[in-house]
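Given the structure is predicted, the values throughout are model-derived calculations rather than measurements. We use all heavy atoms of the structure for the numbers below, so side chains are in, but hydrogens, waters and symmetry mates are not. We name chains A, B, ... by the order of the sequence lines, and we start the count at 1 in each one.
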Protein chains: 2
Amino acid sequence: MIRLSRRSDYGLVALKALRELGVDDALSARELAVRHGLPADLTPKVLARLAQAGLVESILGKSGGYRLARLPELISVAEVVRVLDGDATLAPCREGLLECNRFESCDIRHPLDTLHREVMMVLDRMSIAQL
Amino acid sequence: MIRLSRRSDYGLVALKALRELGVDDALSARELAVRHGLPADLTPKVLARLAQAGLVESILGKSGGYRLARLPELISVAEVVRVLDGDATLAPCREGLLECNRFESCDIRHPLDTLHREVMMVLDRMSIAQL
DNA sequence: CCAAGTGCGACCAGGTTAGTCCGAGTTTAG
DNA sequence: CTAAACTCGGACTAACCTGGTCGCACTTGG
């Protein structure tokens, strides 16, 4: 199935919100959440992950918050998805634990990987600036 | 996240297997399952769904089974996924029951729909013949 | 020193999906 | 004509994943 997880969705909304911020401003997770109707307790988590991936800067202390770490043109949707959802492959074979019992004989893996790459390229072409 | 469900995966494997079949041959679901290591009880279900969607023909009775209903070049990966997983949209907002509480103010929906269309086009360009 | 932030881990709950079991209807081989 | 082999469809169970919550430690500005 082709669907964004909720996390990725929230992440995109948050980044878009951060986009229209002054250079030295910062927006707290809570403030961002209430303004855009995101779950109050989940938003900090999403932002924290974006921060440790370097997409966003966190500012500690009172009157702290988050701010974009790069120009919005330089953050692609693909990157956000990868950070928040991990980059799984199209084929379920490739997942962590479940071993595909036909792993060797599986001949649809390669074409599926190709497809996956193409899909990611599509997501790569859209940046936060275009949301 | 971008991942195929197990069902779709099985469906693709099955279609690929059916591809190399004589015109008047048919392969039973059970036979197909054991040959390719698919779950024995799930395979008939997947095939049945493909059949009622018209991608595959079912042949009743003894020595019956399944066979491709069209040339493999005319069956796209996108179609298989759509049949087996339904066609969801990228944005979780769009799902059945859960109402997005910021549905009106949501401004990332349109770009996301665009992305979804592009992704489906990618899946559309690959056919069973190319697996 | 205190209030308001982030950061991070553990935890619960609900939904979705994979997988199984069963019965019924159909067709062909012998 | 009979029996075997197959498809079809629904109902049911179990496991996994995800969204969401709570709580505590650390940092910073006033």
Side-chain angles (χ1 to χ4, degrees), chain A residues 1-11 13-14 18 24-34 37-54 56-67 69 81 84-86 88 92-93 95-101, chain B residues 1-11 13-14 18 24-34 37-54 56-67 69 81 84-86 88 92-93 95-101:
Chain A
M1 173 66 52
I2 302 284
R3 168 172 304 147
L4 250 46
S5 79
R6 209 84 124 204
R7 266 203 304 271
S8 293
D9 190 33
Y10 295 160
V13 170
L18 255 35
D24 281 335
D25 270 352
L27 190 56
S28 79
R30 181 177 317 167
E31 180 66 16
L32 198 159
V34 304
L38 303 183
D41 288 309
L42 197 53
T43 308
K45 260 194 177 13
V46 169
L47 286 167
R49 252 168 116 155
L50 291 175
Q52 79 183 43
V56 146
E57 272 179 356
S58 74
I59 295 164
L60 289 189
K62 192 174 175 181
S63 80
Y66 291 94
R67 136 188 9 155
V81 171
L84 292 176
D85 280 344
C93 327
E95 279 176 53
L97 309 145
L98 97 112
E99 345 237 307
C100 185
N101 46 2
Chain B
M1 173 57 52
I2 302 286
R3 168 171 305 145
L4 250 46
S5 80
R6 209 85 126 207
R7 265 203 305 271
S8 291
D9 190 32
Y10 295 160
V13 170
L18 256 34
D24 281 334
D25 269 353
L27 191 56
S28 79
R30 181 177 317 167
E31 181 67 16
L32 198 158
V34 304
L38 303 183
D41 287 310
L42 199 52
T43 308
K45 264 196 175 11
V46 170
L47 285 168
R49 251 168 118 155
L50 290 176
Q52 80 183 43
V56 147
E57 273 179 355
S58 76
I59 295 162
L60 289 188
K62 194 173 176 180
S63 82
Y66 291 93
R67 134 183 19 152
V81 171
L84 292 176
D85 279 345
C93 328
E95 280 176 53
L97 309 144
L98 97 113
E99 346 237 308
C100 185
N101 45 2

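For the pair B/Ser58 and D/dC8, the criterion of a side-chain N or O lying under 4.0 Å from OP1 or OP2 is met.
Applying side-chain contact (heavy atoms from CB on, under 4.5 Å) to A/Tyr10 and the options A/Leu42, A/Leu47, A/Leu32 leaves one that passes, A/Leu42.
In this structure, A/Leu47 places its CG atom 10 Å from C1' of C/dT6, rounding to the nearest Å. Regarding B/Arg6, its CZ atom lies at a distance of 14 Å from the C1' atom of D/dA14, rounded to whole Å. Look at CG on A/Leu50: it is 11 Å from P on C/dG7, rounded to the nearest Å. Taking atom OH of B/Tyr10 as the reference point, atom C1' of C/dA18 lies 8 Å away to the nearest angstrom. Counting to the nearest Å, the P atom of D/dG19 and the CG atom of A/Asp9 are 10 Å from each other. Atom CG of A/Leu60 and atom P of D/dA25 are 17 Å apart (whole Å). If you measure from atom CZ of B/Arg7 to atom C1' of C/dT17, you get 7 Å, rounded to the nearest angstrom. Taking atom OH of residue A/Tyr66 and atom P of nucleotide C/dT6, one finds them 5 Å apart after rounding to whole Å.
For a distance-only test at 3.5 Å, the side chain of A/Lys45 fails to qualify as a donor-acceptor partner of the base of D/dG19.
Nearest approach of B/Val34 to B/Glu31, heavy atoms of both residues: CG2-O, 3.2 Å.
Salt-bridge check for B/Arg67 with B/Asp25: failed, with every basic side-chain N at 4.0 Å or more from each acidic carboxylate O.
Comparing D/dC8, C/dG7, D/dC22 by their nearest atom to the side chain of A/Asp41 picks out D/dC22. Of all nucleotides listed (C/dT28, C/dG5, C/dC8), C/dT28 comes nearest to the side chain of B/Lys62. The A/Leu42 side chain lies nearest to D/dG20 when the options are C/dA18, C/dT6, D/dG20. You'll find that the side chain of B/Ser63 is closest to C/dT28, out of C/dT28, D/dG20, D/dT27.
Between B/Gln52 and B/Arg30, it is B/Arg30 whose nearest contact on DNA chain D lies nearer the 5' terminus. In terms of position along DNA chain D, the nucleotide closest to B/Ala51 lies nearer the 5' end than the nucleotide closest to the other residue of the pair A/Ala40 and B/Ala51.
Rounding to the nearest 0.5 angstrom, the gap separating the CG atom in A/Leu38 from the CZ atom in A/Arg30 is 14.5 Å. Between atom CG of residue A/Leu4 and atom CZ of residue A/Arg6 there is a gap of 11.5 Å, rounded to the nearest 0.5 Å.
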